[in-house]
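Here's the structure we're looking at; comments come further down.
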Amino acid sequence: MTTTGGSYLEQLNDVQRQAVTNTDGPVLVVAGPGSGKTRVLTFRIAHLIEKGTAPWEILSLTFTNKAAREMKERISKVVGSRAERVWAGTFHSIFARILRVEAEKIGYPSNFTIYDSDDTKSLVSTIIKEMNLDKNVYNANSIRSRISSAKSNLITPKLYADNEEFRAQDRMAKVPHLATIYQKYVMRCKRAGAMDFDDLLYRLFELLQKNPDNVLEKYRKKFKYILVDEFQDTNTLQYAIVRKLVNYEGSDRNICVVGDDAQSIYAFRGATIQNILDFEEDFQKHGIKVFKLEQNYRSTDHIVQAANELITYNARQIPKRIWSDKGEGQRIRIIKAMTDSEEGKRVSDTIMEQKNRFHLSNSDIAILYRTNSQSRIFEEHLRRLSIPYRVFGGLSFYQRKEVKDLIAYLRLIVNPRDEEAFRRVINFPKRGIGNSTIEKIANLANSKGISMWDALPEFGASGRSGKSIADFVDMITKSAKRADTANAYELAIYIAKRSGLIDLLKSDTTVEGMGRLENLNALLDGINAFVEEEATDVIGTEGTAPPDKSLASYLQNIALLTDFDNNENDGDHITLMSVHSAKGLEFKSVFVVGLEEKLFPSYMSMDSIEGLDEERRLFYVAVTRAEQFLTLSYANARYRYGSMRYNEPSRFLEEIPRQHVESTAGVRSASPEMSSMSNGGARIQGNFSRPRSAETSKVKVDPSTFKPSPHESIEAGMRVLHLKFGEGKVISVDGGKGNRVATIHFKDVDNPQRRIMLKFAKLQIL
DNA sequence: GTTGGTATCTGTGGA
DNA sequence: AGATACCAAC
């Protein structure tokens, strides 16, 4: 043991220690927010290494690069530099790394391209256009997500086409050709030597399934211990791969998954809580051990209890109540604003006030929102108060046009069959190869079943664009030749100049144009840094593999990076980010903003119980980010899509028991901005429905005698009691089983007629 | 083939 | 509101 080695177990509570030291056999850790989940995972890995497991025999899968990096840092605090050799990374990056070695076994080049969602969308659009389908009916985005979910559920184009149920669904949705699009899409990706994000998972599964050269055994032997973080966010496909690696005859089944069903927020990309339930069942007979971490070390009690309460509104969950001994703490504050702009101002003012009163630094504070587009208004107001901030998420560096353009050239050099890259740069900067020529090349490629690049020689130098095409081919071929001797950086500089990209940007002297040139230079610097970087970040296979500094390797790296990853801790700033990206983080003071119906919960998720439950879990995640101060805010009206929209306060606000909420006295006093409002503003005020919490406060129902009746038994005509709205009469009940909605007229409420989802509501029949 | 203008749509989360 | 698609004129 190292000198620090002995002490790490003492930093754990009993359950945590058991979860760390029970290293062999299947383990499920159900970990509430702030319960020391990361600590358990990292110490478990450290413990394995201390006990003699080779670092490279440990596979640790996470969802973000940030989580993986943090984990390695924390492991190395216990076991030193050996931590570098652990296979720790995201599902996508680890699998991409394996596929880079094995791709040729399943018919892909080892330097395959990774298609991002823009590439995917554009390929889907191209196919729809080629099939002469109406793009308004065949919406590229929804088709993309349908294809994605098919892949995530291991449904191949063939299975899809043969499945009568899917076809019936598609006919109903007026998209009968979806199966064909899916089939073409997969074929085109393969033809382009490209994998989309789902393929990085799916093709690895395919590899292990088909098992050429007994590759399955190779990886089963290699990974003696497997750990999965955020298991509630895995999809069917990811779990299928994990099972392949670990659940087989004669396996030690050293698998540890950590998750919290209440924090599952990625159902939209195929994640299913079912995996946690299945996991218990799948490993039952192999002596699974289950540990529940319920003590919350993060937040004070009002916050913890509010979170507990609100999650009970969900239909399905693993029973669990988190608790804290950090004391009662501050109550939750609610800010009500007339407009989005006022919300921005009030939140910024409150931040200023908190900073002064409680001596918080900027880095202690975060503003969390449902959609990235909400950041703008807070930026404006924070800037006005000279409060430094940083916005995470949104358009990442690698999604900017000028960056994507150069990357497309690099992609094409590495893999000329990459059709999306080809289409992007064949005529940019303009070189006289117009749409009709591109169409002709595409038609030729399709009829031959080859890529557009491979179709070029046959297309010939005929016609007006012949010379330009020949020149283009020459440029790419020459660059590819250079790649043998030049490194990625030299190559990037060469092609940036040779293609005319640099000149084009230099000729644009506007502020934006200069910004674009800066971005391009930043990209070049980034490539240089990648080339010069020491081997520190490299996960050696057996600790001996030399760092792969090729252009192909660079491209695969950046394809999986997000905005999170290319930024250092640069000083003391407030954090602005979506609730999704805040998962796993914590701040002394958290502002959850935009708590309005149709925004949070999102209108996209409001028409189903499952959707609403996921939004509620998302809100649960948001609330549990806060250590000491939690502030919730909403606006009655906000600009969205070009016009003022009015929204009700979010139902989630009502689901927080009042005893955890700060009294609103004084908080609602008009801000200067409100009193200086124009007539337009006055009209908005006129439409302002009174906040629900204010009107409900006068209804007195004693919670100790209140006994909710089963929601199935509620019928029209009954007299019922509601914890917040008091006594009311059920006017009607509609909606299907499990989804019933009652219209109830309450006696003592300003807005008496209410539509209530019976599944969530707690009603007592009188 | 290119340019510049107008019409139309789309609209969450993120590896 | 902003991005993109489409169309007419050069």
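Proteins get letters first, then strands, A, B, ... in listed order; numbering begins at 1 in each.
Rounded to an integer number of Å, the gap from A:Lys598 NZ to B:dG13 C1' is 20 Å. Straight-line distance from the NZ atom of A:Lys583 to the P atom of B:dT12: 21 Å, rounded to whole Å. Between the CD1 atom of A:Ile377 and the C1' atom of C:dA1 there is a distance of 13 Å, given to the nearest Å. Atom CG in A:Leu599 sits roughly 11 Å away from atom P in B:dG13 (whole-Å rounding). For the pair A:Arg640 CZ and B:dT12 P, the computed distance is 7 Å after rounding to whole Å. One atom, CZ of A:Arg645, and another, P of C:dA1, lie 11 Å apart when rounded to the nearest Å. The separation between A:Asp118 atom CG and B:dG14 atom P is 14 Å, rounded to whole Å. One atom, CG of A:Leu201, and another, C1' of B:dG14, lie 13 Å apart when rounded to the nearest Å.
Defined by atom type and a distance below 3.5 Å, a donor-acceptor pair is missing between the side-chain atoms of A:Asp261 and A:Gln232.
A donor-acceptor pair under 3.5 Å is absent between the side-chain atoms of A:Asp474 and the main chain of A:Ala470, judged by distance alone. A:Tyr409 contributes no side-chain N or O that, together with a main-chain N or O of A:Lys404, makes up a donor-acceptor pair within less than 3.5 Å. Formation of a donor-acceptor pair under 3.5 Å by the A:Gln374 side chain with backbone atoms of A:Tyr369 is not found in this model.
Considering only side-chain N and O atoms, A:Ser117 lies nowhere under 4.0 angstrom from the phosphate OP1 or OP2 of B:dG14. Between A:Ser373 and the phosphate of B:dT12, there is no side-chain N or O to OP1/OP2 separation shorter than 4.0 Å.
Annotation: of the two residues near DNA chain B, A:Phe63 and A:Glu615, the 5′-most nearest-nucleotide partner is A:Glu615. Remark on DNA chain B: of its neighbouring residues A:Ser148 and A:Ser436, the 5'-side contact belongs to A:Ser436, judged by nearest-heavy-atom nucleotide.
With sequence neighbours excluded, no residue forms a salt bridge (charged side-chain N to carboxylate O under 4.0 Å, His left out) with A:Arg645. Remark: A:Phe279 engages A:Phe231, A:Phe283 in a ring pair (Phe, Tyr, Trp, His ring centres under 6.0 Å) (not counting sequence neighbours).
With P as the reference atom, B:dG13 and C:dT4 are 16 Å apart, rounded to whole Å.
Nearest approach of A:Ile438 to A:Ile433, heavy atoms of both residues: CD1-O, 3.8 Å.
When heavy atoms are screened at a 4.0 angstrom cut-off, A:Tyr266 is found touching the sugar-phosphate backbone but no base atom. Contact annotation for A:Asn372: backbone-only contact, meaning every heavy-atom pair under 4.0 Å involves sugar-phosphate atoms and none involves a base. As judged by a 4.0 angstrom heavy-atom cut-off over every strand, A:Ser602 is placed among the base-contacting residues.
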Below 3.5 Å between N/O atoms, which protein atoms pair up with nucleotides 2-9 of chain B? Just atom names and distances, please.
| unit_1 | atom_1 | unit_2 | atom_2 | d |
| --- | --- | --- | --- | --- |
| B:dT2 | OP1 | A:Gly432 | N | 3.1 |
| B:dT2 | OP2 | A:Asn427 | ND2 | 3.3 |

